Amino acid sequence: MKNFKGFIIFVIVLALTWLLLTGSLGKDELLIGGFSLVLVAILFFGYSDLYRALKITPKIILFYPLYLLVFLKELIVANFDVASRVIRPSLPINPGIVAVKTSLKDPLSKLILANSITLTPGTLTVDVKDDTLFIHWIDVKGKDVEEATKEISGKFEKILKEIVK
Amino acid sequence: MILGLSFILIGLAVLFSTLRLLKGPSPFDRLLAADTLAVITTALLVLMASYFSRVIYMDVALVYSVLGFAGVVVIARYLEGGL
Amino acid sequence: MVIVGKILVLIGSIFLFLGSLGIFRMPDVYNRLQAGTKATTLGAMSLILGVGFMSSSFLIKSIVLIIFIVLTNPISSSTIARASHKAGVPLVKESVIDVCKDNVREEEA
């Protein structure tokens, strides 16, 4: 049990999921839920690198909603972008795979960054190796690493860095 | 009226994904079509839950989306060549 | 509230339709993934949220479903992209650049 805080967060996430799924506070549900929660937490915490490396401060709780707003806006823009490409008969694409460097270290924010890149306009994470993300870009604007980094992950990294700090 | 239009659009979506599923050409195209079909089916189940006003269908949709995700990841890892 | 829900359902189904149209029309696996993932994610989100608006007993379950779809959909498409890249599915011939390929060659040399 290296990271007790991470374990507690793991348990809280599991409990919240259970409560939302059952949607009731009856005695039977709580009993079964509590039992399976303890079992799952003890069995699977060892496998979860993500929760073991997890840190949480008041600042993080403040910044995640902000991140969510930026992300939602990008998601909607992305959809209109894709929709306009798909509808046009000429299918305007200019695709390629580029590399992007990230300065993020912990696995959770790397996961969030990769997922966000997949859901934002014209980009799709193909692979992650240490601090390099390989990204398929539907409309390549810059071929070298710096340009691509600035264009693709700049917005998200600014906020995620604040969270991790 | 609006719901009927939605059902028609979803039906067309299922049709196009199924065409891609049949056409291939690589196994990854088929897998991707199956993944999309799983998401569309989840959405369709939710819509039907609302149409027949049965909350229990939502649980079916939830389980279906979990199983679809797990299946797609397992098959992708298998095709990659290392489970 | 019901009419807002119905409009959200309609928007969602339009995006689901556009997503699968993209899957049908795009030229290679990666571009298909691009079109498929984004459009179906937002489409399913909007449709399920619309159903949640239409009747309040569906709201909690629909929010759980939305969270689940947003978390898992990009992961499954990234997995497919990685698998097809490792298996050597080529990019479409209009492609401009493939950094990954250069890396692989350097490692082999």
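Not measured: the values here are computed from a predicted model. Below, chain A is the first sequence line, B the second, and so on; all start at residue 1.
Contacts with chain C (heavy atom to heavy atom, under 4.5 Å) involve these residues of residues 68-79 of chain A, listed by number: A:Phe71, A:Leu72, A:Leu75, A:Ile76, A:Ala78, A:Asn79. Contacts between residues 3-19 of chain C and chain A, counted as heavy-atom pairs separated by less than 4.5 Å, involve C:Phe15, C:Leu18. Inspection of non-hydrogen atoms places no residue of residues 35-43 of chain A under 4.5 Å from chain C.
In this structure, C:Lys38 and A:Thr118 have side chains that are not in contact, with every pair of non-hydrogen atoms separated by 4.5 Å or more. Using a 4.5 Å cut-off on side-chain heavy atoms (C-beta onward), C:Met26 and A:Val86 make contact.
Take C:Phe58 and apply the side chain to side chain contact (heavy atoms under 4.5 Å, CB included) test, not counting sequence neighbours, and it matches B:Ala49, B:Val55, B:Met58, C:Val51, C:Ser55.
Contact detail for A:Leu21 and C:Val64: the closest heavy-atom pair is CD2-CG1, 4.0 Å. Here the shortest heavy-atom pairing between A:Ile87 and C:Arg25 reads O-NH1, 3.8 Å. When all heavy atoms of A:Leu124 and C:Ser77 are compared, the pair lying nearest together is CD1-OG, 3.9 Å.
Looking only at heavy-atom pairs under 4.5 Å with chain A, the residue among C:Ala83, C:Ser46, C:Ser78 that has the most is C:Ser78.
In this structure, the portion of A:Val82 lying under 4.5 Å from any heavy atom of chain C is its side chain and not its backbone.
For the atom pair A:Phe134 CZ and C:Arg82 CZ, the distance stands at 11.5 Å (nearest 0.5 Å). In this structure, the separation between OG1 on C:Thr37 and CG on A:Asn115 is 10.5 Å, given to the nearest 0.5 Å.
Checking side-chain atoms of C:Gln34 against main-chain N and O of A:His136 turns up a donor-acceptor pair under 3.5 Å.
Counting non-hydrogen atoms of other residues, nucleotides and ligands closer than 6.0 Å to CD1 of C:Ile75 gives a total above 12.
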